[in-house]
Amino acid sequence: EPLQTRLNVAGMTCASCSGRVEKALAALPGVSSAQVNLATGSATVLHSPAVTPQALAEAVTAKGYPTEVQA
Ligand code: 9UX
C-alpha cells in the first residue's frame, strides 16, 4: 500500500523548475506518482513504504531545491 508524503520545496521559480523536481522524484525507485505545485512550492508523492520521506526530501535538495518534509 503506497504512502503519501508532502514536501515543501524551496527555490522553484518557473515551470522548468517544477518539471525538474517532478522528474527527479518520479525517477526514484519506489515512487509511483509525483505531483509538484509551483505556486505553492509543494510536492505530493505516492511511494512505497521502503522509501522514507526524508530520502525524498534529500533527493530533491540534491537537485538544488532545498526541501523539507511537511509537518
Ligand atoms: Mo528557468 Mo527555473 O532558468 O530554474 S528553470 S527559473
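For ligands, and for the atoms within them, numbers begin at 1 and follow the listed sequence.
Ligand 1 places these atoms under 4.0 Å from at least one heavy atom of C17: 2 (Mo), 4 (O), 5 (S), 6 (S). Those atoms of ligand 1 that come under 4.0 Å of a heavy atom in S16, given as number and element, are 5 (S). Residue C14 approaches ligand 1 through these ligand atoms, each under 4.0 Å from one of its heavy atoms: 1 (Mo), 2 (Mo), 5 (S), 6 (S).
When all heavy atoms of A59 and L28 are compared, the pair lying nearest together is CB-CD1, 3.7 Å. When all heavy atoms of H47 and S32 are compared, the pair lying nearest together is N-OG, 4.1 Å.
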Chi angles and distances behind the side-chain contact (heavy atoms from CB on, under 4.5 Å) call for V31, L56:
CA-CA 9 Å; V31 170; L56 299 172; 3.7 Å; yes

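The part of R20 lying near ligand 1 is the side chain, judged by heavy-atom distances below 4.0 Å.
Applying side-chain contact (heavy atoms from CB on, under 4.5 Å) to L7 and the options V36, V69, T44 leaves one that passes, V69.
Heavy-atom contacts from other residues, nucleotides or ligands closer than 6.0 Å to CD of E68 number 12 or fewer.
Under the 4.0 angstrom criterion, atom 4 (O) of ligand 1 counts as having a protein heavy-atom contact.
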